[in-house]
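As a basis for the values below, the full set of heavy atoms in this structure was taken, side chains included, without hydrogen atoms, waters or symmetry mates. Along the sequence shown, the residues carry numbers beginning at 1. In this text, all values refer to a predicted model and were calculated from it rather than measured experimentally.
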Amino acid sequence: MSAAADRRAHWRDLVARRLPEAARPGWPVHLDHCFARILLDNACGGPWRDSVAAPAHANMPADGLERAIELGEAVLDGRADLALLNRRSLAWRGKIWRGKIWRGKIATAPVPDHLHDGDLLLRRWRPADTAPFAALNADPVVMEFFARLRTEPESAAEAGSYDRRFVADGFGPWALEWDGRFVGFVGAFRIMRSMPFPGGERIGATIELGWRLARDAWGHGLATRAARLTLADLAGRCGIRTVVAYAASGNRRSQAVMERLGMVRAETFAHPGVPEGPLRSHVLYRLDQAGVSA
């Protein structure tokens, strides 16, 4: 049996036998097709049929199938909350109320249209953002600390997945406008993979602050200003006061932003999503806004 066939067999056994047999009274689902829906939607960042032809076990790209398997294994060993994963899946499918809603242990009010500070605007993503975002992702200077540049289709998929996070979680990476033009993103992510730092092993429990700006928007303090807007929204609207941020160990520019925000350097770790090499070592920063009122 090939490695790919072995992973497909692992997936089918996971959703058809192991998860249904492990189902507990508090779990929101107990049937194999429901487990498959939840895991595939979360692996794809939206309804899986929007991006993968059925049957999923045969047509899912290898990296996506691995993400789905990782989520299922994490549910089995208690590192992922099945109820949270189910709520995210149902939200993307329009099957739960989009007003104030509990997502895990976080209650979020409706997502505002935008956050604003002078010449700086944080807003939801638009189709017109795809081209400048692709240009940003193809700039080797901007992407110096990433393993590779992004193609135009990858950039379009990434932008779509970022906007869908607002639907699933009530917060996400905002598109950033400066003087009326798109220059990147700044916002918050629920980390949907296991990470090798304290607290990061539980999938979906840690909130990350992140940004990526076009080169001509550097040096104006935009990342810091936009991150402060994001932090205020997280604390006031969502009740989230504890976040992390991380960057490649050599990325002093991003680390300086973290320090300006009052974040505290915690440790270094090997990022599991980065291939072996000089970019794999990352520096983790933490922020606890204990004094910020909701």
Is there a path of hydrophobic side-chain contacts, each under 4.5 Å between heavy atoms of I, L, V, M, F, W or Y residues, that connects I191 with V186?
no
Provide the closest heavy-atom pair for A80 versus R202 in the form atom of the first, atom of the second, distance.
N-NH1, 3.8 Å
R67 side chain to A43 backbone, donor-acceptor under 3.5 Å:
yes
So, do R123 and D129 sit near enough that their side-chain heavy atoms are less than 4.5 Å apart?
yes
Crowded around E152 CD? As in, over 12 foreign heavy atoms under 6.0 Å?
no
Kindly assign one of parallel, tilted or perpendicular to the pair W125 and F133, based on the angle between their ring planes and the thresholds 30° and 60°.
perpendicular
In short, V29 meets A23 closest at the heavy-atom pair O-CB, 4.5 Å
Evaluation steps, side chain to side chain contact (heavy atoms under 4.5 Å, CB included), between L261 and L209:
CA-CA 11 Å; L261 293 170; L209 194 64; 3.8 Å; yes
Take N251 and F146 through the test side chain to side chain contact (heavy atoms under 4.5 Å, CB included) and record every step on the way to the result.
CA-CA 10 Å; N251 188 352; F146 290 82; over 6 Å; no
Heavy-atom closest pair (A214 atom, L136 atom, distance to 0.1 Å) is N-CD1, 3.4 Å
Per the salt bridge (Lys or Arg N to Asp or Glu O under 4.0 Å) rule, which among R237, R190, R164, R87 passes with D169?
R190
Steps toward salt bridge (Lys or Arg N to Asp or Glu O under 4.0 Å) verdict (R79, E70):
CA-CA 10 Å; R79 291 182 296 108; E70 179 192 11; 5.1 Å; no
When hydrophobic residues are tied together by side-chain contacts of less than 4.5 Å, even through go-betweens, does V244 share a cluster with L287?
no
CG of D113: more than 12 outside heavy atoms within 6.0 angstrom?
no
T268 backbone acceptor or donor facing S281 side chain under 3.5 Å:
no
Is it true that a side-chain atom of N59 and a backbone atom of A54 form a donor plus acceptor pair closer than 3.5 Å?
yes
Taking the basic N atoms (NZ, or NE/NH1/NH2) and the acidic carboxylate oxygens, is any pair closer than 4.0 Å for R252 and E259?
yes
So if you build clusters from Ile, Leu, Val, Met, Phe, Trp, Tyr with side-chain heavy-atom gaps below 4.5 Å, do I240 and M195 land together?
no
Just to verify, what does D216 make a side chain to side chain donor-acceptor pair (under 3.5 Å) with, not counting sequence neighbours?
R181
What residue among F166, Y162, F185 forms ring-ring contact (aromatic ring centres under 6.0 Å, His included) with W174?
F166
Salt bridge present between D117 and R228 (N-O < 4.0 angstrom):
no
Hey, are the side chains of Y285 and V283 touching, using non-hydrogen atoms and a 4.5 Å cut-off?
yes
Membership question, hydrophobic clusters at under 4.5 Å side-chain separation (ILVMFWY): are L19 and L90 in the same one?
no
Do the side chain of Q255 and the main chain of R265 share a donor and acceptor less than 3.5 angstrom apart?
no
Return yes if some donor-acceptor pair links the side-chain N/O of D13 with the main-chain N/O of A9 below 3.5 Å, else return no.
no
Out of curiosity, R88 CZ to R165 CZ, how far, rounded to the nearest 0.5 Å?
6.0 Å
Do I69 and L40 share a hydrophobic cluster, counting only Ile, Leu, Val, Met, Phe, Trp and Tyr and linking them when any side-chain heavy atoms are less than 4.5 Å apart?
yes
Cationic N near anionic O, under 4.0 Å, R212 to E158
yes
Closest non-hydrogen contact found for R37 with S89 is NH1-OG, 2.8 Å
Could you tell me whether the side chain of H271 and the main chain of P196 form a donor-acceptor pair under 3.5 Å?
no
Say whether, by atom type as modelled, one donor and one acceptor occur between the side chain of H10 and the main chain of R12 under 3.5 angstrom.
no
Working to the nearest 0.5 Å, report the span between CG of D50 and CH2 of W48.
10.5 Å
